[in-house]
Amino acid sequence: MYSRRQAIAATGLGIAALSGCTDLTEFATGSGPLTETAQPAAIAEQTLSETGYSLATRDTLEINEEVEVGGETRRIEITNQIATYERPVDLAAAALGDSTSSGSVDADDTDDGDLPDDVDPEDIPDDVDEEDLPDDVDPDSLPNAIGGEQSVTAAHSIANTEGTPPQQLVGTDSANSVFVVVTTPGFEFLGQSLNPLGQLDNKALATELAGQVGQLSVGSEQSTTTRDVLGSETTVSTFAGTLSQSGAEIDVGIVVTAVTNEGDYVIGFGAYPQLLAETESANVSALLDGLEHPVSAE
């Protein structure tokens, strides 16, 4: 038997028209949770081909917690959809402006005019260390600056599903730029979002997602733009960030935005090495253009 208070609550929730949500009556009376599953999103295949990104993982993440609704405590059970896309990048090439790996110089990349007159370029092996050079050749005079610092330490994957430790390629010159698409149910009650993620601004969203993908810290906001995503105008924010792995750090750019579509919040989260900001920011913009929702989970 319902109490008068429970009947009023049930009526209020009915007026809120939470279509698609199950166990509405039990939620209204407090005798059961409100459950909802988001529809998946994806990046169009043509966009992936143009940007060099590919699907790495597709997972679900469940949230089970209590929320305050009209002064009453109610439980929600949310199933989020997460698609992670990656693009391998060469940090050494970005740092040097070419494809040279750290710690060595290819003789093919050395111009004869850069060498002393008494040094024959044919005497320089294809893969040369500093110790292999003639005594009168200053390694810093070579175009690739053997004596300079070229090695860039990076993490293999910036973003990973919660519960999966980030994979690392510590001490290498490789990394992955990452773009994550999260969809989460956007149901509301009397104008109040019942989904905690729906109440966050872009900075809080970036921090929330970064906290689940490893030691990625979100710094100051660098820029904001307004653009169309999935047919709706939304704000896209770019933040500075730092990825820490095994005592090493790499500067990253972080881009985040969220839009409501077909009853879900659709969140786009991109992270890339700052060395590649010009190229990767353009790629992230293209990925946002290529968002599709809803799609089949297969």
Side-chain angles (χ1 to χ4, degrees), residues 2 5-43 55 57-85 159-164 179-202 204-213 229-235 256-269 288 291-298:
Y2 293 159
R5 185 175 186 180
Q6 289 174 322
I8 292 175
T11 301
L13 285 173
I15 294 174
L18 298 173
S19 60
C21 299
T22 62
D23 304 322
L24 180 58
T25 301
E26 292 183 357
F27 176 76
T29 61
S31 59
L34 184 63
T35 64
E36 182 65 284
T37 298
Q39 302 177 89
I43 305 297
L55 179 65
T57 60
R58 182 176 290 280
D59 298 286
T60 59
L61 176 63
E62 295 184 356
I63 298 176
N64 187 336
E65 63 180 62
E66 292 182 341
V67 296
E68 291 292 327
V69 181
E72 299 290 332
T73 300
R74 296 291 185 266
R75 179 165 294 280
I76 58 172
E77 295 178 352
I78 297 172
T79 300
N80 300 326
Q81 306 283 345
I82 304 173
T84 302
Y85 297 85
N160 273 274
T161 304
E162 184 180 28
T164 303
F179 188 80
V180 183
V181 183
V182 179
T183 56
T184 184
F187 49 86
E188 297 181 347
F189 168 60
L190 299 180
Q192 173 189 339
S193 174
L194 298 181
N195 187 329
L197 290 178
Q199 304 173 34
L200 304 181
D201 60 18
N202 281 354
L205 273 176
T207 302
E208 178 73 19
L209 292 174
Q212 298 185 33
V213 300
V229 176
L230 289 172
S232 298
E233 189 175 88
T234 187
T235 299
V256 65
T257 191
V259 63
T260 302
N261 188 69
E262 297 290 333
D264 290 333
Y265 294 115
V266 182
I267 304 167
F269 175 89
L288 290 174
L291 264 176
E292 298 179 338
H293 174 265
V295 299
S296 170
E298 298 179 359

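Along the sequence shown, the residues carry numbers beginning at 1.
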Answer yes if the side chains of T79 and E36 hold a donor-acceptor pair under 3.5 Å, and no otherwise.
no
Nearest heavy-atom contact between A258 and N202 is N-OD1, 4.3 Å
Counting only N and O atoms by type, is there a donor-acceptor contact under 3.5 Å from the side chain of D59 to the main-chain atoms of I82?
no
Side chains of R74 and E66: closer than 4.5 Å at any heavy-atom pair?
no
From V182, L197, N195, L200, residue fulfilling side chain to side chain contact (heavy atoms under 4.5 Å, CB included) relative to Y265
N195
Identify the two heavy atoms, one from V181 and one from Y85, that lie closest to each other, and give their separation to 0.1 Å.
CG2-CE1, 4.3 Å
side-chain hydrogen bond (donor to acceptor under 3.5 Å, both in side chains) against T235, all qualifying residues, sequence neighbours excluded
none
So Q39 and E262, do their side chains get closer than 4.5 Å, heavy atoms only?
yes
For T183, is there any backbone N or O sitting under 3.5 Å from a side-chain donor or acceptor partner on Q81?
no
Where the side chain of N80 meets the backbone of I63, is there a donor-acceptor pair that is under 3.5 Å apart?
no
Counting C-beta onward and ignoring hydrogens, is there a side-chain heavy-atom pair between P185 and I76 closer than 4.5 Å?
no
May I ask you to decide if V259's main-chain N or O and T234's side chain share a donor-acceptor pair within less than 3.5 Å?
no
Checking the side chain of D264 only, and the main-chain atoms of V266 only, is there a donor and an acceptor separated by less than 3.5 Å?
no
Criterion side chain to side chain contact (heavy atoms under 4.5 Å, CB included) against T257, the qualifying member of I267, L291, L288, L205:
L288
Could you walk me through whether T73 and E68 satisfy the side chain to side chain contact (heavy atoms under 4.5 Å, CB included) test, starting with their C-alpha distance in whole Å, then the side-chain angles of each, then the deciding distance to 0.1 Å, before giving a yes or no?
CA-CA 5 Å; T73 300; E68 291 292 327; 2.8 Å; yes
Considering non-hydrogen atoms only, spot the tightest contact between I43 and F179 and give its length.
CD1-CE2, 3.9 Å
So, do R75 and N64 sit near enough that their side-chain heavy atoms are less than 4.5 Å apart?
yes
